[in-house]
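Taking it in order: structure first as structure tokens, then the write-up.
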Amino acid sequence: MNYNKRTHTCGDLRLSNLNNEVTLNGWVAKKRDLGGLIFIDLRDRYGVTQLKITPDKKQLHDIASKLGLEFVISSKGMVIKRESINPNIPTGEIEIDVNELQILNESLPTPFIVEDDVKASEELRFQYRYLDLRRQKMAQNLITRNKVFQTVHKFFEKEGFIEIETPILMKSTPEGARDYLVPSRIHKGKFFALPQSPQTYKQILMVAGMDKYVQICKCFRDEDLRADRQPEFTQIDLEMSFVDQDDVFKVTENLMYNIWKDASGIEIQTPFPKYTYDDCIKYFGTDKPDLRVKGEIKLHHLNKIFTNSEFAPFKDALTNNGSISGISVKDIQISRKVIDELTEFVKKSGFGGLGYFKFSNNEFSGPLAKFLSDTEKESLIGEFELNSDSTVFILSGDYKKVCETLGSLRLKIAETFQLINESDDKFLWVTDFPLFAFDEEEGRYVGEHHVFTSPKPEFEHLLDSDKKEEILSIRANCYDLVLNGQELASGSIRIHNYEMQKKVFNLIGLSDEEARQKFGFILDAFRYGAPPHGGIAPGLDRIVARLCGVKDIREVIAFPKSTSTASLMDESPSIVSDKQLKELSIKITSEK
RNA sequence: GGAGCCGUAGUUCAGUUUGGUUAGAACGCUUGACUGUCACUCAAGAGGUCGCGAGUUCGAGUCUCGUCGGUUCCGCCA
């Protein structure tokens, strides 16, 4: 097809181009047919430019009046000044007086109108993703994503890292998320797994002396989805030799600084504050606290204050080695209705009710007030620094459960009263996670992070302990980067010692034999001069989502999956032919 | 695996509470009129398996059960 190729994009032209002869190629975003005059808004990913077609050019006018939305056209003409300017778009002072007009392709009426304030459901947007991506907002998101890619490459190049690709087809390993499996045709009955992360490869690259490795890589986890979780997602995976936690922090902070600066011009504050895991639970009831909550609502632990309490639930908590804890909300009138809602909220977590009292003009009121002694009141005023109208919510019971529930209550209150400054970004490091948790269902220890995470040196000797509380007290050399209540990156200083790695495998219930079968390659590698090493892996989708001001990472992924892990556009996953299955020696035993 | 919300015209929704005549609106689409619009305006028109399947009922978009899809949360995600 012969046609006039564009000389400019639809976002280029200004008054300075006046009287230039130009050609624009793009999509018809809007047509305003006044009978004589016809105006066309022509769109490409750079912007929108108005075309004017006058009725004296009969042939042109006939073509123009036939145009439908999303037709692709080529239009040649003169840049002229508009009689009435449109201040809402950058090209609003000019228009093209069209002399040539060619339809390059027609479009069926689209299932939804391509416009920034899209009305269509996500279902339709996913199904016709190519239409959705024509929207300026979506194009911007992908452009921001690209910006982050470029910054990452540039930053690590400057820092002396080597980008190395690792296999997509790899060995399936136990522990962690479910693997996506790929059957092998050659090795019948055997499977590859898609990487949950390139963890073992990057450690082996350290053994290989690669020293500073980075890769923007796809990771795959066959688990249920969330707004911030897709079955395949992208990580900025990095690993370094001869480093400690602070070295990893420094690189990551600099990386984040550069990303934020390049992508949105914001200079974030580094270094980021550090909290231990135990303190996070203690003060925020979660290992990924949102520090943007106004009024600095924190958890307070009140066991000491209520040592002599006669209030039955408090007495119970104390005798059962539990906790009495609370949060205070200042200078906000909380209605009975909201308190009822909050009560329902904590009941879902298994609490009988939500205790609270109000403090106003030095007076205590509310259901709990009558159970408070004067000494207790005095202590509570000190503990919560009560000096203005406040409401204090109190839960009692198992320490961890109390903390977690108060933590979610804190967020619920923040949401209800809009106590979060959405434009703010609050980074923090969380350190000193437990190395192990005890899985009651499986009756064994499981890695809290992953199985290659090293214990902090002062806890190493406890790997030999047979006491449960000692094993669970071991803190790990691992760390999370948290942004606005969301885990943004996770990493650790790894084990690089054969014997220690075996001990950890044994503790999580892998016999030497099993460990050899599943992880023999990395155990072997550790015996040939593995250097001390560690790393981290920031989640790229979440970073880009934050930079684009969206909560849902699907908004920054070109072709995402729906909540049930399906691609609505190409209708995958799909059944395959019997021939394909036969080649793989696979038999389907049940179908939905 | 569990819980909540949603599913009605091409699209976004109203109608479902309390079952009852011919299921409405806006945008889009078609036709016509219109020379400064930018949410163009005006007139006329086409367009419906009320997600699907059972059940209750004289009668179901509306009630019940199941199912499918979307979405949010819990579990899960080392």
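FYI, side chains are in, hydrogens and waters are out, and symmetry mates aren't considered; it's all heavy atoms of this structure. Chain naming here is simple, since letters A, B, ... match the order of the sequence lines and numbering starts at 1 in each.
Both distances falling under 3.5 Å, in either a Watson-Crick or a G-U wobble arrangement, place B/rG45 opposite B/rC29. Of the nucleotides present, none pairs with B/rU37 by Watson-Crick or G-U wobble criteria with both distances under 3.5 Å. Searching all strands for a Watson-Crick or G-U wobble partner of B/rG19 with both distances below 3.5 Å returns nothing. Shown here, B/rC77 forms no base pair; nothing in the strands shown gives a Watson-Crick or G-U wobble contact with both key distances under 3.5 Å. When Watson-Crick and G-U wobble pairs are counted only if both distances are under 3.5 Å, B/rA3 pairs with B/rU72. Using Watson-Crick or G-U wobble geometry with both donor-acceptor distances under 3.5 Å, B/rC65 finds its partner in B/rG53.
Side-chain contact of A/Q235 with A/R542: a donor-acceptor pair under 3.5 Å is absent, judged by distance alone.
Separation of the C1' atoms belonging to B/rC40 and B/rG59 is 47 Å when rounded to the nearest angstrom. Taking the C1' atoms as reference points, B/rA9 lies 11 Å from B/rA25, given to the whole Å. A distance of about 13 Å separates the P atoms of B/rG48 and B/rG24, rounded to the whole Å. Here the separation of B/rU62 from B/rU16, taken at their C1' atoms, is 4 Å to the nearest Å. With C1' as the reference atom, B/rC50 and B/rA14 are 13 Å apart, rounded to whole Å. Taking atom C1' on both nucleotides, B/rU57 is separated from B/rC74 by 39 Å, rounded to a whole Å. Rounded to a whole angstrom, the distance from the P atom of B/rU41 to that of B/rA54 is 45 Å. A distance of about 32 Å separates the P atoms of B/rC29 and B/rU22, rounded to the whole Å.
Between the base of B/rC6 and the side chain of A/S121 there is no donor-acceptor pair shorter than 3.5 Å. With hydrogens and angles left out, the side chain of A/E122 and the base of B/rG69 share no donor-acceptor pair within 3.5 Å. The base of B/rU71 does not come close enough to the side chain of A/E123 for any donor and acceptor atom to sit less than 3.5 Å apart. In terms of polar N and O atoms assigned as donor or acceptor, the side chain of A/R82 comes within less than 3.5 Å of the base of B/rC38 in a complementary pairing.
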Dump the pairs, protein N or O against N or O of nucleotides 74-77 of chain B, anything under 3.5 Å, distances to one decimal.
from	atom 1	to	atom 2	distance (Å)
B/rC74	OP2	A/R226	NE	3.2
B/rG75	N7	A/R226	NH2	2.9
B/rG75	O6	A/R226	NH1	3.1
B/rG75	O6	A/R226	NH2	3.4
B/rG75	N1	A/D224	OD2	2.7
B/rG75	N2	A/D224	OD2	3.4
B/rC76	O2'	A/E223	OE1	2.5
B/rC76	O2	A/R229	NH2	3.1
B/rC76	N3	A/R229	NH1	3.2
B/rC76	N3	A/R229	NH2	2.8
B/rC76	N4	A/R226	NH2	3.4
B/rC76	N4	A/R229	NH1	3.2
B/rC77	O2	A/R229	NE	3.4
B/rC77	O2	A/R229	NH1	3.0
B/rC77	N3	A/R229	NH1	3.1

Could you list the protein-to-nucleotides 42-48 of chain B atom pairs, N/O on both sides, closer than 3.5 Å?
none

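At the heavy-atom level, A/L124 lies under 4.0 Å from the strands shown only through sugar-phosphate atoms. Using a 4.0 Å heavy-atom criterion, one finds that A/F452 contacts no nucleic acid atom at all.
Residues A/F284 and A/Y275 have side chains in contact (heavy-atom distance under 4.5 Å, counting atoms from C-beta outward). For the pair A/I80/A/I94, no side-chain contact is recorded, criterion being any heavy-atom separation below 4.5 Å from C-beta on.
Residues satisfying the side chain to side chain donor-acceptor pair (under 3.5 Å) test with A/E115, not counting sequence neighbours, are A/K119.
Between the P atom of B/rG70 and the CZ atom of A/R554 lies a distance of 10 Å, rounded to the nearest Å.
At the phosphate of B/rC40, OP1 or OP2 sits under 4.0 Å from a side-chain N or O atom of A/R32.
Closest to the side chain of A/F39, from the set B/rU72, B/rU12, B/rG36, is B/rG36.
For RNA chain B, none of the residues of residues 127-140 of chain A falls under the heavy-atom distance limit of 4.0 Å. Contacts between residues 54-64 of chain A and RNA chain B, defined by a heavy-atom separation under 4.0 Å, are made by A/P55.
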Quiz prompt | Letter per nucleotide, 5' to 3', of nucleotides 24-33 of chain B [B base touched, S only sugar-phosphate touched, - untouched; heavy atoms, 4.0 Å] | solution = ---SSS----
